[in-house]
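Throughout, residue positions are numbered sequentially from 1 according to the sequence presented.
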Amino acid sequence: MPPTRAPARRLLDRRTILQAPGRLRGLVRGSEIGLALLAAVIGCASGVAVSGMNLVAQGMREHLYGLSHGTRLSASSALASPWLALVPALGGIVLGLTVLAIGLRRGKRRPVIDPIEANALHGGRLSLRDSAYVAAQNVLSNGCGASVGLEAGYTQLSASIASRLGLAFEVRRGDLRTLVGCGSAAAIAAAFGAPLTGAFYAFELIIGTYSIATLTPVVVAALCGSLVSRALVSGPALAAIPEAGSSFAAAVSGLDTIPSVALGLVCAGLGIALMRGVTLVEQAVRATRLPQAAAPALGGLGVGLLALTLGPQVLSGGHGALHLHVSAEAPAYGAAGLALLYAGKATASALSIGSGFRGGLFFASLFLGALAGKIFYALSPGLASFGLMPPDYAVIGMSALAVAVVGGPLTMTFLALEATGSFPVTGLVLVAVIASSLAVRKTFGYSFATWRFHLRGESIRSAHDIGWIRNLTVGRLMRREIRPVRVDMPLAEFLRAHPLGSPSRIVVVDGAERYAGIVMVPEAHAAMRDDAARDAEGEPRTLADILRHPRDFLTPEMNAKEAAAAFDRTESEALAVVDDAATLTVIGLLTESHTLKRYSEELDRQRQAMAGEGV
């Protein structure tokens, strides 16, 4: 084959490898059963990925901190040696070098897209390579003891696997978004051994809505992920709380909702403070002007000093420490000791994420919430008369603080149910998470993920699909076949070229070919008649005298929603489109009727996709 055709052949071979066979693609695209089967494959792959990440991170902690097999770092009573406090800093150095190497290879590219952003803006498209980098950095961060959870890496990698499989099967945009939810559901279900929690995590946080069409694939993926993880990783599920049957209240009364609501509101405030604390640390790190690769080492040093002072409970995700504080045999801490531990863990989490360690606040918020619940009980002596015990308030606080940071009221409610098996306590958890979620929405307006998007300048409040709005741009909607006229053209000449019945709107440009305004043909004819009746010998008028909207125009990157707002503001039925506000070169014309028609069509298409119609 000629050399010039070799690159094309390699591309063809690569695409053939990455695509599924035609019959399988047809089965997945045309059948709900096929989509459910693909979701099962995604669930199994996610279970394997989560188990692998968990085992590697646990192996790192055991090796670096000298732990016995299966021992959780945060459940240790003390560091075996003071020198171990330097491990997070050493991990930060390795992470910084890794980030530097990856940055040199990737060049200047936009930040890695996470599942929420992918579903909100990109129709479920994720980069598997970038996600693998994030997952590896998350394992390194957690394995060296930085106060971050693995859940962010779990969902990132699993969702990208789902996205890659969806693209291989060439599924529709709505189905691809569902598959990304399936990957995330399987990841959380595998991480916590809680399929319902994983499923509702996908519905509330990744897909952005619940529908009958998404129920089957998401639940199938969550079940498969949980089963595979249990088969590969021995030991109790991370969400399982010891002695659940005997540690919690057997019955509750209506009065118990009062302290539950109060605790939910307290946790809302604590969650907002935690999210803002991460931002303050990031700002402080930037103010030091340290190289990005050096910042994790500094944060790791601070985390190590906290561990040396307060103990290993501030390290890593906090799974072992959570089990310690929620079980009936919890260590005896007074209110002051619990508050000091809470402050230490919150500071360690803010230092870790703010300095550049990879990870999230999911499990850290659970542990901090459990501490907050116990502090709430310790500082309120009258609560003993309500019938609930410290473990009950620990579970309520755990869910309420997690929903303030992560979001997903039903997700955290089902997590409490699957962790404790106590329906009475779960009812109070639901009350608390509703109070916490409502308070955060009304006072702060963001979860931790959407707050990070806000700081980057992205207007994403949830995983609802708004990418189609951004794709429906003025540049795609406008009519390009236009013939502008010069503004100095005499009115009589213009009327001869544009008689009544011709296109009613003509774009006008100045001598430098810059946009000058729009002329309405009927108005031009009426103006000519008025001039003839008023003064037959007057000077001939030009188009400049009857221009409309000389300062109102659209640009091609504006979306349909912004264009509709411009039509309302200018009270115009059509506006010219210019390349940018500086050059004002006319490139098209867009009418309000066409914009609203296409916008309504896309809205209807989204409604059908959410309802599962037309699939």
Short question: side chain of [X], backbone of [Y] - any donor-acceptor pair under 3.5 Å?
| X | Y | value |
| --- | --- | --- |
| Glu523 | Met520 | no |
| Ser184 | Val180 | yes |
| Glu204 | Thr411 | yes |
| Thr473 | Glu557 | no |
| Asn138 | Arg358 | yes |

Minimum side-chain heavy-atom gap [X]-[Y] below 4.5 Å:
| X | Y | result |
| --- | --- | --- |
| Leu157 | Ile161 | yes |
| Val508 | Ile518 | no |
| Tyr201 | Glu151 | no |

Residue pair [X] / [Y]: nearest heavy atoms and the distance that separates them:
| X | Y | value |
| --- | --- | --- |
| Ser131 | Ser127 | OG-O, 2.8 Å |
| Pro409 | Ser437 | CG-OG, 3.7 Å |
| Gly271 | Ala404 | CA-CB, 4.2 Å |
| Val440 | Tyr446 | CG1-O, 3.5 Å |
| Glu117 | Val112 | OE1-O, 4.4 Å |
| Pro550 | Tyr515 | O-CE2, 3.6 Å |

Please report the interatomic distance [atom1]([X]) to [atom2]([Y]), rounded to the nearest 0.5 Å.
| X | Y | atom1 | atom2 | result |
| --- | --- | --- | --- | --- |
| Phe448 | Ile272 | CZ | CD1 | 14.0 Å |
| Leu179 | Arg172 | CG | CZ | 12.0 Å |
| Ser572 | Phe553 | OG | CZ | 13.5 Å |
| Leu176 | Leu167 | CG | CG | 5.0 Å |
| Asp510 | Leu584 | CG | CG | 8.5 Å |
| Leu575 | Thr595 | CG | OG1 | 9.0 Å |

Residue list, salt bridge (charged side-chain N to carboxylate O under 4.0 Å, His left out) with Arg505, at least two apart or on another chain: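 Per chain and number, Arg505 pairs via salt bridge (charged side-chain N to carboxylate O under 4.0 Å, His left out) with Glu573.
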Pro556: which of Leu590, Val578, Val577 passes side chain to side chain contact (heavy atoms under 4.5 Å, CB included):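 So the option named by the test is Val577.
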Considering the options Val220, Val218, Ile206, which one meets the side chain to side chain contact (heavy atoms under 4.5 Å, CB included) requirement together with Cys182?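 Among Val220, Val218, Ile206, the one that satisfies the side chain to side chain contact (heavy atoms under 4.5 Å, CB included) with Cys182 is Val218.
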For a quick check under 3.5 Å, do Arg164 and Ser160 share a side-chain donor-acceptor pair by atom type?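 Ser160 and Arg164 do not have a side-chain donor-acceptor pair below 3.5 Å.
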Assess the side chains of Asp580 and Thr583: does a donor N or O sit below 3.5 Å from an acceptor N or O?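 Distance-only check passes for Asp580 and Thr583.
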Counting only heavy atoms not in Leu215, do more than 12 fall under 6.0 Å of its CG?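 Yes - once you tally the heavy atoms of other residues, nucleotides and ligands closer than 6.0 Å, there are more than 12.
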Can you tell me how the ring of Tyr210 sits relative to the ring of Phe203, calling it parallel under 30°, perpendicular over 60° and tilted otherwise?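 Correct class here is perpendicular.
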Ser211 vs Thr214, test: side-chain hydrogen bond (donor to acceptor under 3.5 Å, both in side chains). Steps then yes/no. CA-CA 5 Å; Ser211 69; Thr214 59; 3.2 Å; yes
